[in-house]
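Written out below as structure tokens is the structure these notes cover.
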Amino acid sequence: MLEIKDLFEHKIVINKSDFIGLLYPIESKEDIDRCLFDAKTKYSKATHYCYAATLGQNRAWATYQDDGEPKGTAGLPILDVIDHHNLTNALLIVIRYFGGIKLGAGGLVRAYSNAASEVLKIAHFYEKKEVYTYTITFPYHLIHQVESLILEKGTILEKTFLDMVSFKCSIHDQELAFLDEIKHLIHIEQGDNQYIYIPIER
């Protein structure tokens with residue numbers, strides 16, 4: 001599943017109606033009300049504030065709201081777009097300012113789907129991944145070798161220089177075979193696992 005870390009916004013106009021997509025990262029159901037309040041404050045007096053949201057791994061929880069549009073023409077199409085992008089922990093609100101031309105049920109579905117799709121086109125996605133943390137201690141003459149090996153497989157989080165050098169690092173794979181050649185010269189201590197967000201190239 002993919003996630004986002006920032007707010008993204010995009011506007012399209014269809015038959016004189018403005019459709020504004022706002023994509024929020026969320027962590028709980030309570031965040032939905034907070035984000036809706038933010039959207040209604042930014043874009044007051046809109047005709048509709050339709051949305052869909054997902055939470056948890058494999059979209060364990062989801063909801064949607066048509067907010068006065070005909071049933072199934074707004075919230076569900078937005079949710080379908082979120083699902084298509086394999087996105088979780090996100091709220092996508094599509095705000096509509098009615099322009100005076102009725103779109104019909106099919107036109108509304110297309111409009112809300114397009115508005116949702118357009119804001120997702122500009123979003124930056126991340127994959128949340130569990131990584132294994134270690135503290136690796138070694139003599140000074142191995143600094144460049146150890147650093148090069150770690151950076152091929154993970155990230156150095158902290159460096160300490162005392163009698164020996166210590167790198168606290170996260171490794172994206174629990175397998176430490178890449179250190180086998182120098183394992184007799186280093187000391188490895190496993191720490192708590194943590195989650196990191198890896199940018200997804202599109």
Side-chain angles (χ1 to χ4, degrees), residues 1-10 21-32 34-35 52-64 78-93 116-202:
M1 301 294 288
L2 302 181
E3 299 190 31
I4 55 168
K5 294 169 64 177
D6 303 296
L7 168 65
F8 297 93
E9 179 175 340
H10 192 274
L22 297 172
L23 180 62
Y24 293 88
I26 59 173
E27 296 179 354
S28 68
K29 298 176 186 178
E30 290 72 28
D31 286 340
I32 294 174
R34 174 184 57 79
C35 294
T54 60
L55 284 167
Q57 283 296 319
N58 299 316
R59 204 194 80 176
W61 181 88
T63 188
Y64 62 89
I78 297 169
L79 184 61
D80 287 343
V81 172
I82 292 174
D83 286 346
H84 178 73
H85 285 78
N86 201 28
L87 188 62
T88 191
N89 296 333
L91 166 67
L92 207 171
I93 303 171
S117 296
E118 289 300 317
V119 71
L120 282 166
K121 284 180 182 178
I122 64 169
H124 302 297
F125 295 123
Y126 296 82
E127 182 179 6
K128 186 178 181 181
K129 184 172 183 178
E130 185 177 17
V131 295
Y132 305 89
T133 62
Y134 299 91
T135 298
I136 300 175
T137 304
F138 51 90
Y140 275 79
H141 73 274
L142 292 176
I143 285 179
H144 296 301
Q145 186 177 0
V146 172
E147 185 171 42
S148 176
L149 289 170
I150 291 172
L151 292 178
E152 287 181 9
K153 298 287 185 176
T155 304
I156 297 173
L157 305 172
E158 183 180 310
K159 298 179 180 180
T160 304
F161 301 94
L162 297 172
D163 292 339
M164 302 278 277
V165 181
S166 291
F167 285 175
K168 181 179 179 183
C169 54
S170 62
I171 306 298
H172 301 166
D173 190 329
Q174 194 172 16
E175 178 59 55
L176 295 179
F178 66 96
L179 293 172
D180 281 353
E181 289 186 14
I182 57 172
K183 66 182 179 182
H184 61 291
L185 299 173
I186 63 179
H187 172 74
I188 301 175
E189 181 179 337
Q190 185 168 358
D192 295 330
N193 296 346
Q194 65 184 34
Y195 287 94
I196 63 169
Y197 289 90
I198 301 172
I200 302 299
E201 297 290 338
R202 293 194 296 161

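One is the number of the first residue; the rest follow in order along the sequence. Only a predicted model underlies this, so the values are computations on that prediction, with no experimental measurement involved.
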Quick one: salt bridge (charged side-chain N to carboxylate O under 4.0 Å, His left out) partners of E127, sequence neighbours excluded?
none

What's the spacing between L149 CG and C169 SG if we round to 0.5 Å?
11.0 Å

Chi angles and distances behind the side chain to side chain contact (heavy atoms under 4.5 Å, CB included) call for L55, I26:
CA-CA 8 Å; L55 284 167; I26 59 173; 3.8 Å; yes

Should the pair K153-E175 be classified as a salt bridge under the 4.0 Å nitrogen-to-oxygen rule?
no

List in chain and number order the residues that pass side-chain contact (heavy atoms from CB on, under 4.5 Å) with K183, two or more places apart in sequence or in another chain; answer none if no residue qualifies.
D180

Look up atom NZ in K159 and atom CZ in F161, then write down how far apart they are to the nearest 0.5 Å.
5.5 Å

Flag for S170-T133: side-chain donor and acceptor within less than 3.5 Å:
no

Please determine whether side chain to side chain contact (heavy atoms under 4.5 Å, CB included) holds for the pair I171 and I150, giving the CA-CA distance in whole Å, both sets of side-chain angles, and the decisive distance to 0.1 Å.
CA-CA 8 Å; I171 306 298; I150 291 172; 4.3 Å; yes

Under the salt bridge (charged side-chain N to carboxylate O under 4.0 Å, His left out) test, residues paired with K129 that sit two or more places apart
none

Nearest 0.5 Å, please: how far is CE in M164 from NE2 in H187?
9.5 Å

Option among I122, L87, I82 that satisfies the side chain to side chain contact (heavy atoms under 4.5 Å, CB included) test with L23:
L87

With side chain to side chain contact (heavy atoms under 4.5 Å, CB included) as the criterion, how do I186 and T137 come out once you've worked through the C-alpha distance, each side chain's angles and the decisive distance to 0.1 Å?
CA-CA 6 Å; I186 63 179; T137 304; over 6 Å; no

Considering only heavy atoms from C-beta outward, does the side chain of V119 approach that of K121 to under 4.5 Å?
no

Verify the neighbour count for atom CZ of F138: are there more than 12 heavy atoms of other residues, nucleotides or ligands below 6.0 Å?
yes

Output the distance between atom NZ (K128) and atom NZ (K5), rounded to the nearest 0.5 Å.
11.5 Å

When you look at T135 and S166, which way does the side-chain hydrogen bond (donor to acceptor under 3.5 Å, both in side chains) test go after all the steps?
CA-CA 6 Å; T135 298; S166 291; over 6 Å; no

Can you tell me how far apart OG (S117) and CG (L92) are? Round to the nearest 0.5 Å.
9.0 Å

In terms of relative ring orientation, are F8 and H124 parallel, tilted or perpendicular, with 30° and 60° separating the classes?
perpendicular

Side-chain contact test, heavy atoms from C-beta onward, threshold under 4.5 Å: evaluate it for F125 versus N86 and give yes or no.
no

Applying salt bridge (charged side-chain N to carboxylate O under 4.0 Å, His left out), can you list everything that pairs with E130, at least two apart in sequence or on another chain?
none

Who are the salt bridge (charged side-chain N to carboxylate O under 4.0 Å, His left out) partners of D31, not counting sequence neighbours?
R34

Hey, does I182 have a side-chain heavy atom less than 4.5 Å from the side chain of V146?
yes

Would you mind reporting whether F167 and Y134 have side-chain heavy atoms less than 4.5 Å apart?
no

For T88, what residues pass the side-chain contact (heavy atoms from CB on, under 4.5 Å) criterion, not counting sequence neighbours?
M1, E3, T54

Answer whether the closest heavy-atom distance between the side chains of P25 and D6 falls below 4.5 Å.
no

Below 4.5 Å, heavy atoms only, C-beta onward: do V165 and H141 meet side chain to side chain?
no

CD (E27) and CG (L91) are apart, to the nearest 0.5 Å, by 13.0 Å

Closest non-hydrogen contact found for H184 with E181 is CE1-O, 3.3 Å

Would you indicate whether the side-chain heavy atoms of I200 and L2 approach each other to under 4.5 Å?
yes

Flag if over 12 foreign heavy atoms under 6.0 Å of NE2, H84
no

Do the rings of Y126 and Y197 sit parallel, tilted or perpendicular, given the 30° and 60° boundaries?
perpendicular

Judged by atom type as modelled, is there a donor-acceptor pair below 3.5 Å linking the side chain of N89 to the main-chain atoms of I4?
no

For the student: nearest non-hydrogen atoms of I78 and A52, plus distance:
CG2-CB, 3.7 Å

Heavy-atom count around Y140 OH within 6.0 Å, excluding the residue itself: above 12?
yes

